[in-house]
Amino acid sequence: MTQKRILNLIFLGPPGAGKGTQARMIQEKYSIPQISTGDLMRNEISSGSSLGNRLKSFIESGGLVPNELTLSILLNRIKKEDCKNGFLLDGFPRNVEQAEELEKALNGMNTELSGVIALEVDDSDLISRLSDRRICKGCGDSYHLQFKKPSVDGKCDHCGGELYQRRDDSEEVIKNRLKVYHEQTAPLIDFYSEKKKLSKINGKNKIDMIFSEICDIIDKLKS
Ligand code: ADP
Ligand code: ADP
Ligand code: ZN
C-alpha cells in the first residue's frame, strides 16, 4: 500500500497578499486544515479569555504578538488530530525565531516542512486590498468591495453571515503592518530559499489563476 504524502505547507506574504483567500480554497481541495494564527488570536479575543485580553493591544497596533504567546497558540493547534496528514499555515511564521521554533517542533513530531509558497504583491496594491476588505462574522471568509464582491451586499456567499471590516484594516494600522512585514517577515523569503523550500508566485494575478498555480506546486510536492 502506498503511504499518503504528508503536506505541511506555509503561505508566506504581506498582509493582504491573498493568503487567507487561497488557503481556504486549498484546504477544501486537499483536505488539510488552514491554520491562521490571526484567526486563532481573534477568536481568543472574542471569547473574552485572559489570553485574548493580552493579545488585543498588539493586534490593534499592527505590531506582532510576542513569540512566546504566538508559539504556544500555534503549537497547541498543530498537535491536534486533524493535522496528522498535514496543515497549511497562513500568517505563521512571521519572523526568523518563529521559523526556527517551528522547525524544532516538527522534528520533535517526526515530520518536516513540505514547502513554502510566497505570494508577492506591491505595497501600493496591498493598501487598497486591505482598506476594502470585508470579513464574514460567521465563517471568517474574506471579500473585497471591488475584487471579490459577495452576491448579496454585506452578506457571506457561504454562510449568509454578516460582513464586517477588521479594526486593523484602517490605513494607519495597515502602514504599520507593512513596515513590520518588511522588517521582520520578509527575511523569511531568503531563509526558506536557502533551505530550497521556497516557491514564489505573482500575487497580483487573478484569484483563480493564482489558485491553479498553487495547485501545480502542491501536486509536484505530493508526487
Ligand atoms: P491575507 O490573508 O494575505 O491578509 P486576504 O486573502 O484576506 O489576504 O486578501 C486581502 C483582500 O484582497 C481581500 O479583500 C480579498 O478579497 C482580496 N484579494 C485576495 N486575492 C486577490 C487577488 N488575487 N486580486 C485581488 N484581490 C484579492
Ligand atoms: P493579515 O491580514 O495581516 O495577514 P493576520 O490575521 O494574519 O492578518 O494577522 C493579524 C494580526 O495578528 C497581526 O498584525 C499580528 O498582530 C497578529 N499575528 C498573527 N499571526 C502572528 C504571528 N505569527 N506572530 C505574531 N503576531 C501575529
Ligand atoms: Zn461566512
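Atoms within a ligand are numbered from 1 in the order they appear, just like the ligands themselves.
Here D219 does not pair with K222 in a salt bridge; the nearest charged N to carboxylate O distance is not below 4.0 Å. By the 4.0 Å N-to-carboxylate-O rule, K84 lies close enough to E81 to be salt-bridged with it. Contact check on E171 versus K175 returns a salt bridge, with a Lys/Arg side-chain nitrogen under 4.0 Å from an Asp/Glu carboxylate oxygen. Ionic pairing of K149 and D132 is not present here: no N-O contact between side-chain nitrogen and carboxylate oxygen is shorter than 4.0 angstrom. Electrostatic pairing of D82 and R77 counts as a salt bridge here, judged by a charged N lying under 4.0 Å from a carboxylate O.
The nearest protein atom to atom 8 (O) of ligand 1, hydrogens excluded, is given as G18 N, 3.2 Å; this is a heavy-atom distance. In this structure, atom 4 (O) of ligand 1 lies nearest to the protein heavy atom G16 N, 2.8 Å. Nearest protein neighbour of atom 19 (C) of ligand 1, counting heavy atoms only, is T21 OG1, 3.5 Å. Of all protein heavy atoms, the one closest to atom 12 (O) of ligand 1 is R129 CD, 3.4 Å. Looking only at heavy atoms of the protein, atom 26 (N) of ligand 2 is closest to V65 N, 3.0 Å. In terms of protein heavy atoms, atom 24 (N) of ligand 2 is closest to Q98 NE2, 2.9 Å. Distance from atom 1 (P) of ligand 2 to its nearest protein heavy atom, with residue and atom name: R177 NH2, 3.5 Å. Nearest protein heavy-atom contact of atom 7 (O) of ligand 2 is R94 NH1, 3.0 Å. Looking from atom 20 (N) of ligand 2 to the surrounding protein, the closest heavy atom is T37 OG1, 2.8 Å. The nearest protein atom to atom 17 (C) of ligand 2, hydrogens excluded, is given as M41 SD, 3.7 Å; this is a heavy-atom distance.
Residue contacts with ligand 2 for T70 involve side-chain atoms from C-beta outward but no N, CA, C or O (heavy atoms, distance under 4.0 Å). If you look at R133 next to ligand 2, the close heavy atoms, those under 4.0 Å, all belong to the side chain. Contact annotation for I210 and ligand 1: only side-chain heavy atoms (C-beta onward) come within less than 4.0 Å of the ligand. At a 4.0 Å heavy-atom cut-off, ligand 2 touches R166 through the side chain alone. When heavy-atom distances to ligand 1 are checked against a 4.0 Å cut-off, K148 comes that close only through its side chain, counted from C-beta outward.
The 12-atom threshold is not exceeded at NZ of K56, counting heavy atoms of other residues, nucleotides or ligands nearer than 6.0 Å. For CD of E120, the number of neighbouring non-hydrogen atoms (other residues, nucleotides, ligands) closer than 6.0 Å is greater than 12. For CE of M209, the number of neighbouring non-hydrogen atoms (other residues, nucleotides, ligands) closer than 6.0 Å is 12 at most. Counted within 6.0 Å of CG on N76, heavy atoms from surrounding residues, nucleotides or ligands total more than 12; the atom is thus considered enclosed. Counted within 6.0 Å of NZ on K148, heavy atoms from surrounding residues, nucleotides or ligands total more than 12; the atom is thus considered enclosed.
Of all heavy-atom pairs spanning L102 and L74, the tightest one is CD1-CD1, 4.2 Å. Pairing each heavy atom of Y143 with each of C156, the nearest pair is OH-SG, 3.3 Å. Here the closest non-hydrogen pair linking I210 and G203 is CD1-O, 3.6 Å.
Heavy atoms of N205 approach ligand 1 to within less than 4.0 angstrom. Within the structure, the closest approach of G13 to ligand 1 does not fall below 4.0 Å when heavy atoms are considered.
Ligand 1 has no nitrogen or oxygen under 3.5 angstrom from a nitrogen or oxygen of F147. Annotation: D39 places no N or O atom under 3.5 Å from an N or O atom of ligand 2; distance criterion only. Any N or O atom pair closer than 3.5 Å counts here, and L64 shares no such pair with ligand 2. Residue R134 has no nitrogen or oxygen atom sitting less than 3.5 Å from a nitrogen or oxygen atom of ligand 1, judged on distance alone. For a threshold of 3.5 Å applied to N or O pairs, the pair formed by G63 and ligand 2 contains at least one separation below that value. Looking at D90 next to ligand 2, no N or O pair under 3.5 Å apart turns up. Residue contacts with ligand 1: G20 is placed with a nitrogen or oxygen under 3.5 Å of a nitrogen or oxygen of the ligand (distance criterion only). Considering both main-chain and side-chain atoms, P15 never comes within under 3.5 Å of ligand 2 through any nitrogen or oxygen pair. Taking any N or O of K19, backbone or side chain, at least one lies under 3.5 Å from an N or O belonging to ligand 1.
Of all atoms in ligand 2, listed by their number and element, those nearer than 4.0 Å to a heavy atom of R42 are 6 (O), 10 (C). In the vicinity of H144, heavy-atom distances shorter than 4.0 Å reach the ligand 1 atoms 14 (O), 16 (O). For ligand 1, the atoms sitting less than 4.0 Å from at least one non-hydrogen atom of I207 are 20 (N), 21 (C), 22 (C), 23 (N), numbered in the order shown with element in parentheses. In summary, the atoms of ligand 2 found under 4.0 Å from a heavy atom of G91, numbered by their order in the structure, are 20 (N), 21 (C), 22 (C), 23 (N). Set against the non-hydrogen atoms of Y143, the atoms of ligand 1 under 4.0 Å away are 13 (C), 14 (O), 16 (O).
An angle of 90° is found at the Zn ion (ligand 3) between C159 atom SG and C136 atom SG, rounded to 10°. When rounded to 10 degrees, the angle formed at the Zn ion (ligand 3) by SG (C156) and SG (C139) equals 110°.
Taking the side chain as every heavy atom from C-beta outward, V173 and D169 never approach each other to under 4.5 Å. Between Q184 and R94, the closest side-chain pair of non-hydrogen atoms is not below 4.5 Å.
Proximity of a side-chain donor or acceptor of N8 to a complementary backbone N or O of E112 within less than 3.5 Å is detected. Side-chain atoms of R134 never come within 3.5 Å of backbone atoms of P150 as a donor-acceptor pair (strictly under, hydrogens ignored).
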Would you mind writing out the side-chain donor-acceptor pairs for residues 188-196 within the sub-3.5 Å range, not counting sequence neighbours?
unit_1 : atom_1 : unit_2 : atom_2 : d
K195   : NZ     : E103   : OE1    : 3.3

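Because the distance cut-off is set at 2.8 Å, H158 fails to qualify as a neighbour of the Zn ion (ligand 3), as none of its N, O or S atoms comes that close.
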Checklist entry - Does the pair F92 and I10 meet the rule for a side chain to side chain contact (heavy atoms under 4.5 Å, CB included), with working shown? => result CA-CA 7 Å; F92 182 97; I10 292 175; over 6 Å; no

